[in-house]
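Everything below concerns the one structure shown next.
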Amino acid sequence: MLKIYNTLNREKQEFKPIKPGHVGMYVCGMTVYDYCHLGHARVMVVFDMVQRWLKASGYDVTYVRNITDIDDKIIRRAGENKESIHALTKRFIDAMHEDADALGVERPDHEPKATQFVPEMLSMIERLEKNELAYQAADSDVNFSVRKFAGYGKLSGKSLEDLRAGERVEVDSNKNDPLDFVLWKHARSDEPDEVKWDSKWGKGRPGWHIECSAMSSRLLGEHFDIHGGGADLQFPHHENEIAQSEGANRCQFVNYWMHNGFVRVDNEKMSKSLGNFFTIREVLERYDPEVVRFFILRAHYRSPLNYSDAHLDDAKGALSRLYTALKCVPSPLALLPEGEGVNWNEPHAQRFKAAMDDDFNTSEAIAVLFDLANEVNRSQSLQLAGQLKSLGLVLGLLERDATEFLQGGSGGLDDAAINSQIAARNEAKKAKNYAQADKIRKELLEAGIVLEDTAQGTSWRRG
RNA sequence: GGCGAGAUAGCAAAAUGGUUAUGCAGCGGAUUGCAAAUCCGCCUAUCCCAGUUCGAUUCUGGGUCUCGCCUCCA
């Protein structure tokens with residue numbers, strides 16, 4: 001029985017889908033004006049893992065992850081670059097897909113772009129206006145009136161009074177209440193036509209929060225199962241989504257809210273404003289993407305995750321141990337009937353399932369993988385090796401051939417050079433010229449190549 | 001200031017009212033021409049102070065410290 005920590009109640013709850021056997025899940029994706037950083041990688045990998053586990057548990061999942069392709073930062077960046085909004089966002093959407101693909105993130109079922117759902121947003125704003133939750137201010141912006149929505153603050157645990165006390169924003173005198181947020185921004189003369197849409201309130205463009213409310217209800221219905229995103233979206237973004245959706249649709253919006261923890265650098269949140277971020281592609285220049293995915297999944301999704309080279313090196317060593325166990329047994333999956341996959345009656349699989357069902361405890365699940373690797377090494381059992389690989393696949397790990405992983409990466413030497421050195425060393429060994437054999441091995445080691453003599457001959461890997 | 005999360009061994013990271021987490025690193029042994037890999041064994045923990053309890057790292061209260069949200073942020 002799957003339990004999910006629900007931010008709404010701050011406790012783990014048994015997961016019950018609205019429609020038996022089906023899960024509707026919406027995750028806040030990227031604002032595409034720059035390359036994704038490791039924080040984005042975490043959201044993508046974490047919720048990819050979530051949807052994989054839901055599928056592995058037998059659910060039919062509809063997974064939606066939006067793309068914000070219109071907002072202040074995009075307009076500003078396009079202006080700086082002297083390129084169109086569309087050209088800018090297309091570039092970074094393509095880059096995002098490259099990064100996500102590299103990390104083994106499956107494409108969501110839908111990736112709606114905000115600009116494609118403006119009519120839905122306008123219709124929702126109209127309903128909010130009809131329900132007396134929205135008003136047009138003197139500057140022509142249409143705002144949401146937080147005071148008129150009774151449940152405001154229920155997700156983030158904030159009250160309007162608390163928020164007011166900590167007010168740090170410059171007060172916008174056009175708003176009835178400083179905490180009101182914008183649904184529709186009036187068009188400005190210095191903005192390109194590309195960002196202006198017609199509406200009954202005049203030309204303009206959508207506020208940030210309304211897109212998620214409009215797109216989720218269009219693609220998943222007005223009431224759906226899971227909504228996810230980074231912990232920083234809890235307030236105000238998700239709080240505002242609730243206000244909009246429940247205010248417009250007059251029904252519960254989302255049953256389970258999930259928020260992943262931050263990636264940190266030197267114990268501080270990785271963020272654009274602090275400038276302490278690493279882009280995914282930067283990191284992938286130096287580390288195997290699967291190592292990065294493993295690094296992310298080795299921690300629980302709600303825990304903070306400290307980024308450093310030392311930690312990625314550690315992750316690489318750990319992942320190598322799993323692949324090494326698979327290497328000891330030739331082509332484990334080839335020996336399993338097609339599509340058989342995990343044997344869920346096997347004890348390790350049961351522990352794995354129990355861990356995953358406990359709020360997606362990938363840390364515990366991966367610990368089971370290591371126990372299984374130990375069993376595989378001891379028993380040389382093809383069945384257990386297949387089981388190890390199959391369980392890895394559930395997390396989007398261990399997909400590759402073990403030797404390919406262990407020999408992958410960039411070394412100074414190519415395969416042919418390495419193999420000829422190994423041959424030379426074997427000649428020396430045969431002649432009992434161990435000094436020469438050890439010299440060759442040492443040279444290879446200095447080039448990052450580790451040799452392993454086995455009964456089947458000498459193999460190598462990149463250390 | 002308001003609200004929230006957390007402090008576990010050298011590092012990273014789970015779990016648990018009493019019984020081995022796990023990985024990396026370290027130590028000893030097996031194996032190996034010597035290594036590597038692997039196996040066996042070992043060593044390092046639960047921020048501080050009270051309380052509840054036969055027993056607390058785990059529950060309660062109080063400290064201390066860290067981080068986050070309250071502005072754009074995954």
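Keep in mind that what you see is a predicted model, and the values were worked out from it rather than measured.
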Report which part of the nucleic acid A:N267 touches: base, sugar-phosphate, or nothing (heavy-atom distance under 4.0 Å, all strands). sugar-phosphate
A:S363 side chain near B:A15 phosphate (N/O to OP1/OP2, under 4.0 Å): no
Within a 6.0 Å radius of atom CZ on A:R188, are there more than 12 heavy atoms belonging to other residues, nucleotides or ligands? no
Atom CD of A:E452 and atom P of B:C39: how far apart are they, to the nearest Å? 12 Å
Between A:K3 and A:D357, does at least one N-O distance fall below 4.0 Å, as a salt bridge requires? no
If you compare every side-chain N and O of A:R264 against the phosphate oxygens of B:U66 (OP1, OP2), does one of them come in below 4.0 Å? no
Atom OH of A:Y323 to atom P of B:G23: distance rounded to whole Å? 18 Å
Using a heavy-atom cut-off of 4.0 Å across all strands, would you classify A:M44 as base, sugar-phosphate, or nothing? nothing
When we call it a touch if two heavy atoms are under 4.0 Å apart, what does A:K432 touch: a base, just sugar-phosphate, or nothing? nothing
Tell me which of A:Y5 and A:A367 sits closer to the 5' end of RNA chain B, going by the nucleotide each one is nearest to. A:Y5
According to a strict under-4.0 Å criterion, is A:R321 in side-chain N/O contact with OP1 or OP2 of B:C39? yes
Regarding A:F235, tell me which of base, sugar-phosphate or nothing describes its non-hydrogen contacts under 4.0 Å with the strands shown. sugar-phosphate
Phosphate contact (B:G4 OP1 or OP2) by A:R10 side-chain N/O below 4.0 Å: no
Between A:Y256 and A:H227, does the ring centroid distance fall short of 6.0 Å? no
Rounded to whole Å, how long is the line connecting atom CZ of A:R441 with atom C1' of B:A36? 7 Å
Less than 4.5 Å apart, side chain to side chain, heavy atoms only: is that true for A:W184 and A:N143? no
Expressed as a whole number of Å, how far does the C1' atom of B:U20 sit from that of B:A37? 24 Å
Could you tell me whether A:F92 and A:Y35 have their ring centroids closer than 6.0 angstrom? yes
What is the distance, rounded to the nearest whole Å, between atom CD of A:Q380 and atom P of B:C39? 10 Å
In dot-bracket, 5' to 3', how would RNA chain B read with Watson-Crick or G-U wobble pairs under 3.5 Å, [ ] for crossing ones and | for pairs to another strand? (((((((..(((.....[...))).(((((.......)))))....(((((..]....))))))))))))....
Contact under 4.0 Å: A:N306 side-chain N or O vs B:A12 OP1/OP2: no
Quick one: do the A:T68 and A:D71 side chains pair a donor with an acceptor below 3.5 Å? no
